[in-house]
Q: 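Got a structure here, written out as structure tokens. Questions coming.
This one's a predicted model, so the numbers in the text were calculated from it and none came from an experiment. Just so we're on the same page: letters track the sequence lines, and every chain starts at 1.
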2 protein chains.
Amino acid sequence: MARPPADPDRRRERAHRVLDAAAELILRWGYDKTTIADVARAAGVAKGTIYLHWKTRELLFAALLRRERVATLEEVRRAAPGTLRELVGAVAAEVMRRPLMRAVLLADTDVLGKLTTMKRERPSDPGQAEALNRMLGALRKHGAIRPDLTDAEHVSVLTSVVFGFLTAARLTPEPYRVPPERLAELLADTAHRALEAGREPSPRDARAIAEAVSAYVGHVAGVAGRKLESALEGQLP
Amino acid sequence: MARPPADPDRRRERAHRVLDAAAELILRWGYDKTTIADVARAAGVAKGTIYLHWKTRELLFAALLRRERVATLEEVRRAAPGTLRELVGAVAAEVMRRPLMRAVLLADTDVLGKLTTMKRERPSDPGQAEALNRMLGALRKHGAIRPDLTDAEHVSVLTSVVFGFLTAARLTPEPYRVPPERLAELLADTAHRALEAGREPSPRDARAIAEAVSAYVGHVAGVAGRKLESALEGQLP
DNA sequence: CTTTGACCAAATAAGCGTATTCGGTCAAGA
DNA sequence: TCTTGACCGAATACGCTTATTTGGTCAAAG
């Protein structure tokens with residue numbers, strides 16, 4: 001829209017305040033029952049103000065989800081994972097303490113309501129897949145992951161395991177329940193044992209591996225961050 | 001009900017024919033939209049005849065699900081798994097080719113409709129948990145599973161992984177898809193690496209382990225089989 | 001004795017007009 | 001220039017009546 005700014009900083013702060021309100025409301029009532037008026041009231045602005053940031057309700061929530069994604073990825077980046085295990089562990093720990101991120105990953109219709117389908121319809125960025133393949137290639141080359149599995153198999157196992165641990169947290173019968181932090185460790189450990197090669201890599205390989213993981217996280221976080229910037233200005237992708 | 005039999009064998013055969021029809025219809029239309037009249041027509045009997053077997057619609061479908069469970073477990077028993085890995089592999093392979101069993105395990109509301117909640121409400125037999133604990137205890141004692149994990153952690157990891165692989169089959173992005181049989185292998189392999197101890201057990205231990213696994217499967221299949229018998233006669237548990 | 005299908009009450013769906021809510025706009029005011 | 005909230009049309013929710021379907025029964029037929 002190229003809305004003429006107030007003070008850019010204050011404008012940005014206000015956008016975040018609105019998103020904070022939206023985040024709380026969507027978790028409490030779900031997308032379908034969260035109205036713009038509600039969000040405006042909770043954020044302490046007028047309804048019209050929200051439309052100065054985003055042209056539609058949908059764009060507002062798109063920005064919210066992108067922000068959540070970026071926050072998650074930034075935390076992961078901060079953890080500076082240097083192996084697949086550490087990467088999975090960092091992602092798991094972060095996602096488990098972020099109900100909104102979890103809702104998105106699990107396509108929780110209670111929270112996402114009609115957004116659920118839209119999200120799924122949107123084809124994931126081919127660049128993301130490419131970055132993933134690049135990391136897998138590097139990990140394979142430097143002996144970090146099992147050579148007897150194809151890329152498709154690695155991805156299948158990884159998504160299955162991650163998805164399973166995230167869902168099963170609420171699904172496991174009572175007496176066997178395990179606290180989320182411990183679950184994150186177990187998830188990382190499972191991914192490690194299922195996918196990583198047994199042998200210790202040489203220091204040289206270890207450095208290359210850490211580099212590949214870091215580059216992957218950096219790339220994904222970078223793309224997400226850039227998308228967030230436009231989303232905060234009301235634009236779509 | 002203690003319904004006086006026709007010829008018991010023919011009676012039993014007819015019950016199975018009705019369940020066959022019900023199985024096909026519930027998968028095609030879901031529980032909510034599958035009527036007794038439909039089932040009767042598809043099975044080639046009159047509606048009243050169905051009520052000679054089961055007092056209510058719910059009992060009919062309870063019998064159907066029990067039968068599916070028994071069929072699955074019998075196949076697993078036939079595979080004669082002697083390790084945790086083989087057990088998981090057999091279960092996975094069998095469940096993956098049984099859409100109804102999968103729907104039950106995943107609580108698929110499209111298929112199970114209003115049955116979904118009922119199933120979940122029903123507290124699982126404490127005997128089942130006890131049998132599972134018994135097997136875990138034996139596996140632990142004979143060094144088959146990792147001693148650094150608690151029972152709760154073993155169960156959490158196992159359910160997470162199984163659940164994840166079963167769901168993620170339909171969830172993994174297109175280019176990475178892997179055929180179900182291969183997925184079952186990968187699932188077994190993942191459970192193996194995540195939960196089983198690294199060292200080869202002694203022949204003596206291996207025998208005890210196989211015995212524990214076999215006893216577990218035998219117990220579960222046995223209980224399920226007995227429940228099926230009464231379910232086929234229209235009784236509840 | 002066994003099986004059937006017409007039959008009934010209860011639940012569910014369909015129709016429909018009304019009331020309310022909500023996303024989005026914009027003239028007025030700060 | 002930026003913010004607001006009254007305002008509008010569209011969509012959704014609601015209430016209510018009617019029509020259809022469906023689980024379950026049972027007298028009659030086989």
Q: May I have the distance from B:H53 (atom NE2) to C:dT4 (atom C1'), rounded to whole angstrom?
A: 13 Å

Q: Looking only at side-chain N and O atoms, does B:R14 come under 4.0 Å of OP1 or OP2 in C:dT2?
A: no

Q: Specify the separation, in whole Å, of atom CG of A:L59 and atom C1' of C:dG24.
A: 13 Å

Q: Can you measure B:R17 atom CZ to C:dT3 atom P for me and round it to whole angstrom units?
A: 10 Å

Q: Starting the side chain at C-beta, find the nucleotide from C:dG23, D:dT22, D:dG5 nearest to A:A46.
A: D:dG5

Q: Backbone N or O of A:A43 within a donor-acceptor pair of the A:R17 side chain at under 3.5 Å?
A: yes

Q: Indicate yes or no for a side-chain donor-acceptor contact from B:T116 to the backbone of B:G113 under 3.5 Å, with no hydrogens or angles considered.
A: yes

Q: Whole angstroms only, please: what is the CG-C1' distance between A:L52 and C:dC26?
A: 11 Å

Q: For A:F61 and C:dG23, what is the distance between atoms CZ and P respectively, to the nearest whole Å?
A: 8 Å

Q: Name the residue closer to the 5' end of DNA chain C, choosing between A:D32 and A:G48 according to the nucleotide with the nearest heavy atom.
A: A:D32

Q: Measuring from the side chain of A:T56 (C-beta onward, heavy atoms only), which nucleotide among D:dT12, C:dG24, D:dT22 has the closest atom?
A: C:dG24

Q: Using modelled atom types and a 3.5 Å cut-off, is there a donor and acceptor pairing between side-chain atoms of A:T190 and backbone atoms of B:V157?
A: no

Q: Provide, to the nearest angstrom, the distance between the CZ atom belonging to A:R57 and the P atom belonging to D:dT12.
A: 10 Å

Q: A:D38 has an atom CG; how far is it from atom C1' of C:dG24, in whole Å?
A: 16 Å

Q: Whether A:T49 contacts D:dT4 is assessed here as follows: a side-chain N or O lying under 4.0 Å from the phosphate OP1 or OP2. Is that the case?
A: yes

Q: If I take atom CD1 in residue A:I36 and atom C1' in nucleotide D:dG5, what distance separates them, rounded to the nearest angstrom?
A: 15 Å

Q: Are any of A:K33's side-chain N or O atoms less than 4.0 Å away from OP1 or OP2 of D:dT12?
A: no

Q: Any donor-acceptor pair under 3.5 Å joining the side chain of B:K47 to the base of D:dG23?
A: yes

Q: Per the side chain to side chain contact (heavy atoms under 4.5 Å, CB included) rule, which among A:T34, A:L106, A:I26 passes with A:V111?
A: A:I26

Q: Is A:R11 near enough to D:dC2 that one of its side-chain N or O atoms lies under 4.0 angstrom from OP1 or OP2?
A: no

Q: Measure from NZ or CZ of A:R57 to the centre of the six-membered ring of A:Y31, then state whether that distance is under 6.0 Å and the direction lies within 45° of the axis.
A: yes

